[in-house]
Amino acid sequence: MASTASYPSSTAGSTLPPFPDDVPTAPLVTISLRKLVEDISGIEHERLFSAAKSLGFFYLDVRGTPEGKHLLRQADDLFDLMNEFFSLSIEEKAKYDFAAKKSYFGYKGIGKEVVDGKGTRDKNEIYNISKDDLFSVTDPLPAPSVITTNRQTLTSYVTTNTAILTTLFASLSTSLQLPSDTFASLHKPAAPSGCHVRFISAPPQEPSTRSNALGEHTDFGSLTILLNRLGGLQVQLPGTEEWVYVRPMPGCAIVNLGDAMVKFSGGILRSNLHRVVSPPGEQGKEARRSLVYFSRPEHDVVLTRLRGGLVDELEDGGEEEVGVSAREWLARRHIGRKIEFFEGRESWEGSMGTEARPLVVSQ
C-alpha cells in the first residue's frame, strides 16, 4: 500500500495522492535531530558522518525538538504563502525578475534557465528570498506585498533553519576532528552570504512531453534543507548511472551537502548529483511545490581545504589548490544557466561545480 501524503507536518497536504511503492527509491538513512542535540551517545553523530561521506543526502527527523516543532509549523505557513505567491499573475511576478541585473534573488519564470548543455529549458518557477535582505544585512529588493507583509514569518523560518544547521555543522566539524565551531564560524548570520529561502513550483507535465524540471547538478553551497509534499527529487547513486526517487517522509526534512563542504573537507564529504523530474504515479498530475533553505558560506570565505583534523591526514595533492570566494563560486555557477547568459555547452560546463568530472572511457 502506498503511504499517505502528509508532509511536512502530520496534517498538511493530506489531500495529495500518495507516493507509489513500486518505484525505485534512494536508500537515505534517517538521522534524529533530537539524538544529535541530546548527544545520548556518539552513534548518531557517526551515522551522520557516514551519510555525509557516502551519499551526501539524508533524512533529518526533526520531531521531538523545539526547533523541529517550529520548522514544521513554519513550513505549513510558508506553503500557504508560497501558494499565494504563485497564484499571482505572470505579469505581476515578472516585476521581480532581476536576472538581467545578474541578481540571484527574486523571481524566475518557467523556461528562464537551461537544464543541459543543449539549452533545454527548465519547467519550474522559483522565487528566492535572500537571508541578507530579511536580516537587513543589505538593502531590501522590491517584492510583492504578499512577501513584504510576511517578512517576520520568513525571518523566523531562517532563524529556525540556522539553529538546526548549527547542530549539523557542529557534528560534522567534530567528526572531522576539527573544533566544533569550525563550520558555523564560516556561516555567521550577520555576515553577507548567499543563504536564502526558495519557493519552487513545477506544474504537471503531459506524459508524452515530460522532461527534467531541473537539470542534474550539485548544490552550490554548504547544506540544503528541503521540505516537500510530492516526489520528483531524484539522486544518482554513486558509482552508477542510476537515478532513483527520494520519497518524502513525514516529520523529516531532506538534507544534502553542497560543494563548499567538499572543498572544505578536501573531498572527505560528498556533494551528490541530483535533479528534479515529474512526480511518480498519480502525483504527476499535481503541481509540485517545495520549500528550501540553502545555507552558503559568507561571501568572502575562500572555498579551499581547511587545516587540521582528518583533512590534514589526506594525501598531499601536490600543487596547492587556489580557491575562489564563495561569492565568485555562486556567481559562476548561477550565471551560466540563465538564458540571458547561456552560450551553449561551454557556458553550461563552465557553470558546473564538484559534479564536473573527466570523461571515463570504457576499456
Side-chain angles (χ1 to χ4, degrees), residues 1-30 55 57-63 68 71-88 90 93 109-111 115 121-127 157 197-216 224-237 242-256 274-293:
M1 178 181 294
S3 57
T4 302
S6 54
Y7 319 112
S9 76
S10 59
T11 57
S14 57
T15 60
L16 295 172
F19 187 94
D21 289 332
D22 59 351
V23 296
T25 55
L28 271 62
V29 300
T30 301
L55 184 57
F57 272 79
F58 57 91
Y59 295 118
L60 183 67
D61 188 342
V62 300
R63 293 169 295 190
L71 185 79
L72 296 177
R73 186 186 69 247
Q74 291 165 346
D76 285 342
D77 292 340
L78 288 182
F79 267 93
D80 290 339
L81 177 60
M82 188 189 324
N83 291 338
E84 190 173 351
F85 171 79
F86 284 122
S87 69
L88 297 174
I90 293 176
K93 289 180 287 190
I110 293 174
V115 301
R121 303 295 183 93
D122 73 273
K123 294 188 175 181
N124 59 58
E125 294 179 272
I126 286 174
Y127 189 68
Y157 188 67
V197 178
R198 174 175 291 181
F199 297 165
I200 308 175
S201 180
Q205 299 184 41
E206 291 295 330
S208 60
T209 59
R210 283 181 179 172
S211 62
N212 292 350
L214 182 63
E216 61 182 66
T224 301
I225 297 180
L226 164 69
L227 289 165
N228 58 10
R229 295 169 172 174
L230 293 173
L233 173 65
Q234 290 187 330
V235 299
Q236 187 177 63
L237 297 179
E242 182 181 5
W243 290 93
V244 292
Y245 283 99
V246 177
R247 177 196 294 264
M249 297 294 286
C252 294
I254 298 167
V255 180
N256 66 282
H274 54 287
R275 66 184 185 186
V276 177
V277 300
S278 289
E282 291 298 306
Q283 291 193 344
K285 299 177 181 179
E286 304 288 333
R288 181 182 186 271
R289 289 184 174 162
S290 300
L291 174 64
V292 196
Y293 186 71

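On a predicted model such as this, the values are computed, not experimentally measured, just so you know. Computation of the quantities below employed the complete heavy-atom set of this structure, encompassing side-chain atoms and omitting hydrogens, waters and symmetry-equivalent molecules.
Residues Lys123 and Gln205 are in side-chain contact: their nearest non-hydrogen atoms beyond the backbone lie under 4.5 Å apart. The side-chain heavy atoms of His274 and Asn256, taken from C-beta on, include a pair separated by under 4.5 Å.
Pro280 approaches Gly232 most closely through the heavy-atom pair CD-N, 4.2 Å. Scanning all heavy atoms of the two residues, the minimum distance from Tyr157 to Leu78 falls at CG-CD1, 3.4 Å. Minimum heavy-atom separation, Ala26 to Val235: CB-CG2, 3.6 Å. The nearest pair of heavy atoms linking Gln283 to Gly231 is OE1-N, 2.8 Å. The two residues Ala253 and Leu227 make their nearest non-hydrogen contact at CA-CD2, 3.8 Å. Asn124 approaches Ala202 most closely through the heavy-atom pair CB-CB, 4.0 Å.
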side-chain contact (heavy atoms from CB on, under 4.5 Å) for Ile200 and Val292? Distances and angles first, verdict last. CA-CA 8 Å; Ile200 308 175; Val292 196; 3.9 Å; yes
For Val246 and Tyr59, run side-chain contact (heavy atoms from CB on, under 4.5 Å): C-alpha distance rounded to whole Å, both residues' side-chain angles, the deciding distance at 0.1 Å, then the answer. CA-CA 10 Å; Val246 177; Tyr59 295 118; 4.0 Å; yes
Evaluate side-chain contact (heavy atoms from CB on, under 4.5 Å) for Glu286 paired with Leu16, printing each intermediate quantity in order. CA-CA 8 Å; Glu286 304 288 333; Leu16 295 172; 4.1 Å; yes
Take Arg288 and Leu233 through the test side-chain contact (heavy atoms from CB on, under 4.5 Å) and record every step on the way to the result. CA-CA 10 Å; Arg288 181 182 186 271; Leu233 173 65; 3.9 Å; yes
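Put simply, CZ on Phe57 and CD1 on Ile254 are 8.0 Å apart, with the number rounded to the nearest 0.5 Å. Here CZ of Arg198 is found 11.5 Å from CG of Leu291. Values are rounded to the nearest 0.5 Å. Once rounded to the nearest 0.5 Å, the distance linking SG of Cys252 with CG of Leu226 reads 12.0 Å. Rounding to the nearest 0.5 Å gives a distance of 10.0 Å between CD of Glu125 and CG of Leu88. Separating the CG atom in Leu55 from the CG atom in Leu237 is a distance of 7.0 Å, to the nearest 0.5 Å. A distance of 11.0 Å separates OG in Ser278 from CG in Leu230, rounded to the nearest 0.5 Å.
Ring-plane geometry between Phe199 and Tyr127 is classed as tilted, the angle between the planes lying from 30 to 60 degrees on a 0 to 90 degree scale.
A cation-pi arrangement is present between Arg229 and Phe79 under the rule of less than 6.0 angstrom and at most 45 degrees off the ring axis.
Between the side chain of Arg275 and the main chain of Glu216, no donor-acceptor pair closer than 3.5 Å is present. Distance alone, capped at 3.5 Å, places no donor-acceptor pair between the Lys285 side chain and the Pro204 backbone.
For the residue pair Ser201 and Arg289, a side-chain donor N or O sits within less than 3.5 Å of a side-chain acceptor on the partner.
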